[in-house]
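Working notes, structure below.
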Number of protein chains: 2
Amino acid sequence: MEYQEAKEKFINTWGSLGSLWGINKAMAQIQALLFISPKALSMEDIMEELQISRGNTSMNLRQLMDWGIVSKELVPGERKEFFTTQKDVQELARIVAKERSRREIQPVVKVLQEVSSIKDDGTEKTKELIKQTQALHELTESADAMLNTLVNQKQNWITKSLVKLLK
Amino acid sequence: MEYQEAKEKFINTWGSLGSLWGINKAMAQIQALLFISPKALSMEDIMEELQISRGNTSMNLRQLMDWGIVSKELVPGERKEFFTTQKDVQELARIVAKERSRREIQPVVKVLQEVSSIKDDGTEKTKELIKQTQALHELTESADAMLNTLVNQKQNWITKSLVKLLK
DNA sequence: TTAAACTTTCAAAAATTATTGAAAGTTTAA
DNA sequence: TTAAACTTTCAATAATTTTTGAAAGTTTAA
């Protein structure tokens, strides 16, 4: 497999993975492109490479910046803006995990908390609702806490233990 | 908040969470409904409760069965089929994690493996592609292995330690 | 200033994905 | 058998999401 083919394969796979996870294709592809590019790219570069429109590029770059995984870079002597993505995969994982927790997990935890706190009127269906949402609430909270713990420190003892275990 | 409101809130939240994660709304809602229902429900029950068509219900129930989180239940004396979902949240998490790993993570790992193995032609861009996809490959594999480890045994020492740590 | 270089916005169009409902298929009781 | 009870399939339609492209907005060099 040659460079060009490998590059396209990576960008496409990353793109469809993105859409599977609720991130749109263009956004995931832009990030993938920047991720393997040795130097910062301009909007023109990205449009050309991925064959997408200016508007699309602009909007998705903005979203990537909102997520905190892409940033603008000033190139001396150049008028236009250049973009780079976070290149360290660990740091990238940390940011993505944190953002997903904030955007997606937290609101659900809140609803589960509310729903599982309704007053027990003694009926079987109410009992079941409370029991099941409570269990889900506990699970979601532990999973989220676990994610944050694993993700918030570079090399804590848990990670070390896990890494050892997995060898 | 009364039972009916809590129920609707839970089903809706679960439904939109689903679509955010690449699972369609009806599928997530059906699972949510079964999850808080004290007894198995028929297709009629589900259609009525969620206000969706017969075809939609049938197709999504099938998908949930493919995932292994919903099963048919035979009710003596009844002609139609009844459905239940896995009620144990731990077991549910285990199944979902396993399926997502199989369906989504594995194929990506394979592509990363292939792409990061192209021959190094000495150019900067090829070096960057190899380096970055290799790093991503390693990260993805450890994350997947970690997920499987955490999920495949009910109460191993890691889980115990984590639970202790999070208290 | 001004005008060229560049970016953002957003309504319309295109693409994708989900849903419907009725016909076809299957199972079971009699 | 057969016909009623039930489920599945799938082409058509609806809903949602993404993308486009041109106009409006912004920045900077001169």
Side-chain angles (χ1 to χ4, degrees), chain A residues 11-34 40-67 70-85 103-104, chain B residues 11-34 40-67 70-85 103-104:
Chain A
I11 292 173
N12 286 334
T13 306
W14 211 239
S16 39
L17 184 74
S19 35
L20 207 53
W21 283 71
I23 287 149
N24 92 19
K25 199 177 114 199
M27 184 172 157
Q29 288 189 333
I30 293 172
Q31 200 276 324
L33 175 62
L34 294 174
L41 301 179
S42 69
M43 231 165 77
E44 295 292 339
D45 295 336
I46 296 169
M47 285 165 62
E48 159 104 2
E49 192 77 60
L50 303 178
Q51 292 292 310
I52 57 178
S53 72
R54 189 175 296 285
N56 201 359
T57 309
S58 169
M59 283 174 134
N60 285 111
L61 275 171
R62 150 109 81 130
Q63 278 213 74
L64 285 164
M65 290 188 287
D66 286 350
W67 269 73
V70 161
S71 43
K72 285 185 185 172
E73 191 166 282
L74 291 170
V75 173
E78 286 274 15
R79 180 92 163 255
K80 58 184 160 220
E81 296 171 323
F82 288 79
F83 301 88
T84 37
T85 188
R103 294 172 192 229
E104 297 159 25
Chain B
I11 291 173
N12 286 334
T13 306
W14 211 239
S16 41
L17 185 74
S19 35
L20 206 52
W21 283 72
I23 288 149
N24 91 20
K25 199 177 113 198
M27 185 172 155
Q29 288 188 335
I30 292 171
Q31 199 276 326
L33 175 62
L34 293 175
L41 301 180
S42 69
M43 231 165 77
E44 295 290 340
D45 295 335
I46 297 169
M47 287 166 61
E48 159 105 2
E49 192 78 58
L50 303 178
Q51 292 291 308
I52 57 178
S53 72
R54 187 174 297 282
N56 201 1
T57 308
S58 169
M59 284 176 134
N60 285 109
L61 275 172
R62 150 111 80 135
Q63 280 212 74
L64 285 164
M65 289 188 287
D66 286 349
W67 269 73
V70 161
S71 44
K72 285 186 185 172
E73 190 166 282
L74 291 171
V75 173
E78 285 275 13
R79 180 92 164 254
K80 59 184 158 217
E81 297 172 322
F82 288 79
F83 301 89
T84 37
T85 189
R103 294 171 191 229
E104 296 161 25

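Each chain gets a letter, A, B and so on, in the order its sequence line appears, and its residues count up from 1.
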Checklist entry - Looking only at heavy atoms, which two atoms of B:A40 and B:E73 are closest? And how far apart? => result CB-OE2, 3.4 Å

Checklist entry - Can you check the A:I30 CD1 to D:dT18 C1' distance for me, whole Å? => result 12 Å

Checklist entry - For A:L64 and C:dT8, what is the distance between atoms CG and C1' respectively, to the nearest whole Å? => result 16 Å

Item to check | Between C1' of D:dT18 and CG of A:L50, the distance in whole Å | outcome: 15 Å

Next on the checklist: Tell me the interatomic distance from A:L20, atom CG, to C:dT17, atom C1', rounded to whole angstroms.
Outcome noted: 13 Å

Checklist entry - Heavy-atom count around B:R62 CZ within 6.0 Å, excluding the residue itself: above 12? => result no

Checklist entry - Starting at CD of A:Q51 and ending at P of D:dG21, how long is that distance when rounded to a whole Å? => result 11 Å

Next on the checklist: Here's a test of your reading of the structure: between A:S19 and A:M43, which maps to the more 5' nucleotide of DNA chain C?
Outcome noted: A:M43

Checklist entry - Mind checking who D:dA30 pairs with, Watson-Crick or G-U wobble, both distances under 3.5 Å? => result C:dT1

Next on the checklist: Looking at D:dT19, I'd like to know if its phosphate oxygens (OP1 or OP2) sit under 4.0 Å from a side-chain N or O belonging to A:N24.
Outcome noted: yes

Checklist entry - What's the CG-P distance between A:L74 and D:dT27, to the nearest Å? => result 13 Å

Checklist entry - Who does D:dG25 pair with, Watson-Crick or G-U, both distances under 3.5 Å? => result C:dC6

Next on the checklist: Under a 3.5 Å threshold, yes or no: a donor from one side chain and an acceptor from the other, between A:W67 and A:Q31?
Outcome noted: no

Checklist outcome for this item: Heavy-atom nearest nucleotide on DNA chain C taken for A:R62 and for B:R54; more 5' hit belongs to A:R62

Checklist entry - Closest heavy-atom contact between A:T84 and A:L34? => result C-CD1, 4.2 Å

